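Step one of this worksheet: look at the structure below.
All heavy atoms count here, side chains included; hydrogens, waters and symmetry mates do not. Being a predicted model, the structure only gives us computed values, none of them experimental.
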Amino acid sequence: ATTVFDSSAILLYLAEQSGQFLPAAADRGAMLSWLMFTASGIGPFTGQCVHFKHYAPEPNPYALNRYDFEAWRHWNILEAHLAGKPWMVSERYTLLDMAVWGWARALPFALGDQAWEQLPNLKRHFDAINARSAVQRVNELRERHAFKTAMDDETRRAMFPQNERLMA
């Protein structure tokens, strides 16, 4: 049995196992580079931006500035890359587009309501992925189940257990 973890590794593993959603061989290096950029840049900086904007127990101007700046910088690199291209690499939808889409869903929450206006190539890319039947099926599945969305004390303790140390 093979244990695979991390969303990017899982996407790559499943694509290789199924033979689907992989770019042409000539585009594999570019796909791997952009996949690592997404995993090591987009994800962490966007996640920290969200954390310090919405969940930190107290405002931290330095952290807010750093992570907002870096998230925008990384997303603007993807924005420029997608100019004139339907997909991240090659002329077809790949696992890389899935990886980018996973984070792009949070753009307005992370960067603010103006994010889509300032990132029109990403918005086009995001909308093209949302139009895919697989995404529509996922959204239908999500609508059939009730997920807790309240950020109450119980949720905060589960999401940020490290903050309990601040209470001591």
Side-chain angles (χ1 to χ4, degrees), residues 1-18 21 32 34-79 88 93-119 122-123 125-168:
T2 300
T3 301
V4 181
F5 60 93
D6 184 81
S7 58
S8 294
I10 292 166
L11 284 171
L12 184 56
Y13 178 80
L14 292 173
E16 288 175 341
Q17 292 299 303
S18 69
F21 305 113
L32 289 171
W34 285 109
L35 185 63
M36 296 307 116
F37 178 84
T38 302
S40 65
I42 291 291
F45 286 113
T46 302
Q48 292 299 318
C49 183
V50 166
H51 176 77
F52 285 104
K53 280 186 179 181
H54 300 288
Y55 302 119
E58 56 191 48
N60 182 324
Y62 172 81
L64 283 165
N65 180 60
R66 173 171 169 68
Y67 292 112
D68 183 69
F69 178 87
E70 287 298 329
W72 273 107
R73 186 175 73 81
H74 281 76
W75 283 107
N76 277 311
I77 291 168
L78 286 187
E79 171 69 15
M88 285 294 297
Y93 177 72
T94 69
L95 69 104
L96 175 58
D97 299 295
M98 295 175 200
V100 170
W101 175 85
W103 282 103
R105 294 176 305 136
L107 270 172
F109 190 62
L111 302 180
D113 293 335
Q114 79 287 2
W116 289 133
E117 292 171 21
Q118 294 182 24
L119 302 166
L122 276 156
K123 177 66 168 136
H125 181 256
F126 180 73
D127 289 344
I129 295 170
N130 280 338
R132 296 180 63 83
S133 62
V135 173
Q136 293 170 10
R137 288 191 308 272
V138 166
N139 288 334
E140 290 168 8
L141 180 66
R142 194 171 53 203
E143 290 172 12
R144 289 197 309 249
H145 299 279
F147 295 97
K148 181 177 180 179
T149 58
M151 184 55 77
D152 57 17
D153 288 340
E154 175 189 31
T155 305
R156 279 188 188 82
R157 281 191 302 276
M159 287 184 66
F160 312 114
Q162 74 280 0
N163 290 346
E164 295 299 312
R165 296 185 306 177
L166 298 173
M167 307 301 176

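A distance-only check finds a donor-acceptor pair linking the side chain of K53 to the backbone of A110 [under 3.5 Å]. The backbone N or O of R73 sits nowhere less than 3.5 Å from a side-chain atom of N76 that would complete a donor-acceptor pair. For the pair N65 (side chain) and P61 (backbone), a donor-acceptor distance under 3.5 Å is absent.
Taking the side chain as every heavy atom from C-beta outward, I42 and W34 never approach each other to under 4.5 Å. Using a 4.5 Å heavy-atom threshold, the side chains of L12 and L32 count as touching. Within the 4.5 Å cutoff, the side chain of W72 has heavy atoms near those of the Q118 side chain. In this structure, F126 and L107 have side chains that are not in contact, with every pair of non-hydrogen atoms separated by 4.5 Å or more.
To the nearest 0.5 angstrom, T2 atom OG1 is 7.5 Å from Q17 atom CD. Here the CE atom belonging to M159 is positioned 5.0 Å from the OH atom belonging to Y55, to the nearest 0.5 angstrom. The structure places OG of S40 at 6.5 Å from NE2 of H74, a figure rounded to the nearest 0.5 Å. To the nearest 0.5 Å, atoms CG (L11) and CD (E16) are separated by 11.0 Å.
Around the CG atom of N139, the shell of radius 6.0 Å holds more than 12 heavy atoms that belong to other residues, nucleotides or ligands. Enclosure of atom CZ in F69 is not indicated, since only 12 or fewer non-hydrogen atoms of other residues, nucleotides or ligands lie within 6.0 angstrom.
Of all non-hydrogen atoms in M151 and R156, the two that sit nearest each other are O-NH1, 2.7 Å. When all heavy atoms of D68 and C49 are compared, the pair lying nearest together is CA-SG, 3.7 Å. Across all their heavy atoms, T155 and A150 have their closest contact at OG1-O, 3.1 Å. Of all the heavy atoms in M88 and L78, the pair that sits closest is CE-CD2, 3.4 Å. Smallest separation of non-hydrogen atoms from N130 and V135: OD1-CG1, 3.6 Å. In plain terms, the two heavy atoms of H125 and V100 that are nearest each other are CE1-CG1, 4.0 Å.
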For side chain to side chain contact (heavy atoms under 4.5 Å, CB included), just list the numbers for W75 and T46, CA-CA rounded to whole Å, side-chain angles, deciding distance to a tenth of an Å, and then say yes or no. CA-CA 9 Å; W75 283 107; T46 302; 2.8 Å; yes
Could you walk me through whether L96 and F21 satisfy the side chain to side chain contact (heavy atoms under 4.5 Å, CB included) test, starting with their C-alpha distance in whole Å, then the side-chain angles of each, then the deciding distance to 0.1 Å, before giving a yes or no? CA-CA 8 Å; L96 175 58; F21 305 113; over 6 Å; no
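At a threshold of 4.0 Å, the pair R157-E154 does not count as salt-bridged, since none of the basic side-chain nitrogens sits closer than that to a carboxylate oxygen.
Of the residues listed (F109, F45, F160, Y67), the one engaging H51 in a ring-ring contact (aromatic ring centres under 6.0 Å, His included) is F160, and it is the only one.
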